[in-house]
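In this chain, residues are counted from 1 in sequence order.
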Amino acid sequence: MFYAVLFLAFSILFGHAVVEKIGFARSREEQVFFSMALGLPLASVVAYASFFVFGNLAHLASLVALPLFSFLMLRRNWKAKQGWDTGFWLRMAPVIILITILFSAGAVHVNAQGNYEVSGLFWQDTYYHVSIEKYFAYNNIVPPQDPQYSGVPLNYSFLIDLYSGVLERLEMPFTLAFALPALLMVIAFFACVYFLAFRLGASKNAAIIAVLLLLFSGSMSYGMMFEDAQTHASVADWLKNPDRDYAVLIENPPVGHVIQFFKSHLARQRSSNFGYTVAVVVFILLFEIAKQFETRVGKAFEKRKLDSKLFFAAGVLTGLLPLMREAAFIACILAAGTLFLIYRHKKWIWFFVPALLLGIVQFASWIGPSTSNNYVALEIGWRAMSQNPVNIAWFWIENMGLPLVFAIAGFVLAPKQVRRYYLAFIPLFLAFTLFRFSPDYMNNMKLVNLWQIPTFALGALALAKLYEFCFPAVKGKKKQKRRMLNLLPPAAALILLVAAILPGALSIQKDAWNQISLYGRADVEFAKDANAILPVDAVVLAFDAPHAFDLVGRVRMLGFPAVGWVKGRSDWYERAVDQQDFYSGKRMEEVIRKYGLTHVSLIPNNERRFKDLNETAIRTSPLLKRLYQKTINGLDYEIYEVRKEGN
């Protein structure tokens with residue numbers, strides 16, 4: 001545990017060194033949160049590279065490398081920083097406390113019965129991420145395979161799960177290793193959103209409003225809310241027990257909806273914790289670059305040099321994004337490409353060379369399967385199901401809610417430099433409005449989320465201007481009346497803010513305390529035994545997820561079939577059929593050879609048992625030898641080893 005805490009501290013120190021080297025932090029708060037935002041992902045990159053050199057000693061090698069790299073970067077860059085910004089902490093402290101409470105109550109934890117459970121905010125996708133984290137915690141991962149899809153490279157954005165796996169290797173308890181990096185990154189994400197919005201709006205009020213609009217994103221569901229409130233004894237009872245998810249609009253017949261930002265992508269999609277946060281840092285660096293271009297005018301244009309470090313840092317971070325969130329890579333490339341067209345200069349080579357050299361190698365693993373099965377397709381209007389521009393516009397206003405209305409006003413009110421900077425995100429909007437980037441249409445939401453960040457910051461700018469508006473001063477008897485009149489703009493701004501965030505807040509409230517069991521105590525006990533007896537290179541045939549083998553961290557022939565479908569794997573259905581046949585007692589030898597199986601499991605899974613399961617065929621098969629059998633809480637857990645020829 002001590003070494004795990006040390007690794008976490010060294011990660012942030014490494015992030016601090018990188019931030020100092022780039023030199024773009026404006027305050028002590030930015031220094032702290034940028035260090036978190038970059039430190040954990042970059043430490044994961046160091047650990048990942050270490051696996052290729054040091055194998056299973058990579059966690060120890062990176063523990064040594066991080067402080068060494070930090071010292072080398074910091075030895076000439078120690079600078080005294082200004083004092084703390086009280087205004088930042090007064091605004092952000094409640095947000096940080098709320099996020100900490102939500103994670104404490106909802107992230108993977110052990111309940112009183114010894115089961116692993118999560119709240120409704122976190123449960124989706126958790127199974128897959130647990131299997132990846134455990135894979136990194138127990139295996140030599142060179143090169144990494146998909147733990148639920150044997151023989152296939154891991155083309156999911158896995159970096160945050162690698163970080164948690166390293167913490168577990170360094171003896172941090174699984175539940176803490178799994179939740180803590182995500183908590184720190186979500187806090188850093190909203191801090192970075194604050195800093196981006198502050199740059200765009202030049203207002204601390206605009207910065208915190210942007211955070212709130214994003215955290216509690218919702219829709220124009222006020223009709224649904226009014227209907228449901230009428231069915232409760234009081235408004236307080238309705239607020240405590242909302243009937244529906246007001247962050248989304250589901251029409252009848254269903255047309256499609258936009259999902260809640262925090263609940264659906266920061267809490268559940270762990271890869272977004274790294275990917276979105278680093279993407280916001282890149283957005284900030286691109287803003288600083290655009291600002292340099294805006295100030296280099298007239299005769300001073302050639303005299304004031306552009307800072308190559310900003311271009312290079314943004315390019316390197318963008319190039320690493322496919323390991324964190326492939327959608328973030330797309331967003332940053334599109335934004336930088338648009339700014340290049342606006343501010344054409346040879347300095348952009350410092351961005352695009354590292355971004356493309358680093359990114360394309362990793363991005364290629366995503367492109368491969370995505371070229372099959374109609375993975376990427378033209379779908380004008382996306383979920384609006386219409387090619388009529390008016391219908392598409394209303395779809396987005398209806399689903400994004402008041403923040404999008406505010407953003408339109410914010411674009412009009414923003415300074416010219418901010419408006420030109422925001423143009424960089426228009427191609428991103430066009431991308432997810434014109435194309436579908438996955439068989440699962442909701443995967444487009446990852447691009448939508450990245451567009452929401454600067455868009456909601458613009459909306460916050462408009463709301464802040466209303467809050468800060470004052471009527472011109474007057475003298476004499478009308479002065480007192482003017483003071484009363486000046487209360488109207490902030491009151492209107494607060495009412496609009498509450499109206500904008502209420503649907504999203506109720507959406508989070510609906511799922512925040514509802515606990516869902518992931519793995520039973522028996523599953524946890526079995527996983528400990530299985531990890532002790534299975535070789536790290538085992539290829540296991542196991543039941544569908546959710547499954548105790550998620551906690552074992554060994555590669556499965558097929559875990560959760562939806563993983564293969566969503567990632568564009570062409571043979572996911574074939575694997576499902578082969579798995580079904582094997583457990584039915586058919587084609588057993590063929591399936592073993594086809595997938596190189598080394599072990600087979602028979603484990604209770606009441607919800608997803610195969611209807612034709614033939615346990616007798618497995619237990620009596622000459623192809624298999626029982627390696628492990630244990631009855632835990634009245635349930636039988638078995639592992640069979642595939643017999644080698646001659647045995």
Compute whether any side-chain donor of one residue and acceptor of the other, for Asp245 and Gln260, lie under 3.5 angstrom apart. no
Any donor-acceptor pair under 3.5 Å linking the side chain of Thr231 with the backbone of Glu227? no
Is Lys309 reaching over with its side chain to a backbone N or O of Lys21, donor-acceptor style, under 3.5 angstrom? yes
All N/O donor-acceptor pairs, side-chain side in residues 190-202, below 3.5 Å, sequence neighbours left out:
| unit_1 | atom_1 | unit_2 | atom_2 | d |
| --- | --- | --- | --- | --- |
| Arg199 | NE | Glu288 | OE2 | 2.7 |
| Arg199 | NH1 | Glu30 | OE2 | 2.7 |
| Arg199 | NH1 | Phe195 | O | 3.4 |
| Arg199 | NH2 | Phe24 | O | 3.3 |
| Arg199 | NH2 | Glu30 | OE1 | 3.1 |
| Arg199 | NH2 | Glu288 | OE2 | 3.4 |

Would you say the side-chain atoms of Arg91 pair up with the backbone N or O of Gly87, donor to acceptor, closer than 3.5 Å? yes
Phe351 and Trp348 aromatic ring geometry - parallel, tilted or perpendicular at 30°/60° bounds: perpendicular
Would you sort out whether Phe469 and Leu488 count as a side chain to side chain contact (heavy atoms under 4.5 Å, CB included), showing the intermediate values? CA-CA 9 Å; Phe469 180 81; Leu488 293 179; over 6 Å; no
Pair Phe435 and Phe432, ring centroids less than 6.0 Å apart: no
For Ala431, all residues meeting side chain to side chain contact (heavy atoms under 4.5 Å, CB included), sequence neighbours excluded: Leu334, Phe437
Would Arg270 count as a cation-pi partner of Phe178, with NZ or CZ less than 6.0 Å from the six-membered ring centre and within 45° of the ring normal? yes
Quick one: do the Ser157 and Arg325 side chains pair a donor with an acceptor below 3.5 Å? no
Might you work through the side chain to side chain contact (heavy atoms under 4.5 Å, CB included) test for Met324 and Phe329, ending with a clear yes or no? CA-CA 9 Å; Met324 308 177 205; Phe329 175 77; over 6 Å; no
Indicate yes or no: at least one non-hydrogen side-chain atom of Leu42 is less than 4.5 angstrom from one of Leu317. yes
Between Ser219 and Asn399: side-chain donor-acceptor atoms closer than 3.5 Å: no
Please determine whether side chain to side chain contact (heavy atoms under 4.5 Å, CB included) holds for the pair His16 and Val19, giving the CA-CA distance in whole Å, both sets of side-chain angles, and the decisive distance to 0.1 Å. CA-CA 5 Å; His16 170 74; Val19 173; 5.8 Å; no
Audit row: Val448, Met400, side chain to side chain contact (heavy atoms under 4.5 Å, CB included) steps and yes/no: CA-CA 10 Å; Val448 175; Met400 284 290 173; 3.3 Å; yes
Any side-chain to backbone donor/acceptor pair from Thr433 onto Leu430? Under 3.5 Å, distance only. no
Atom pairs and distances, side-chain donor-acceptor, residues 275-284, under 3.5 Å, sequence neighbours left out:
| unit_1 | atom_1 | unit_2 | atom_2 | d |
| --- | --- | --- | --- | --- |
| Tyr276 | OH | Lys446 | O | 3.4 |
| Tyr276 | OH | Asn449 | OD1 | 3.0 |
| Thr277 | OG1 | Met185 | O | 3.3 |
| Thr277 | OG1 | Asn273 | O | 2.5 |

Enter the distance from Ser44:OG to Phe274:CZ here, rounded to the nearest 0.5 Å. 4.0 Å
List the atom of Leu423, the atom of Thr338, and the distance in Å for their closest heavy-atom pair. O-CG2, 3.6 Å
Looking just at side-chain N and O atoms, do Tyr163 and Ser11 make a donor-acceptor pair shorter than 3.5 Å? yes
Is it true that a side-chain atom of Arg268 and a backbone atom of Gly120 form a donor plus acceptor pair closer than 3.5 Å? yes
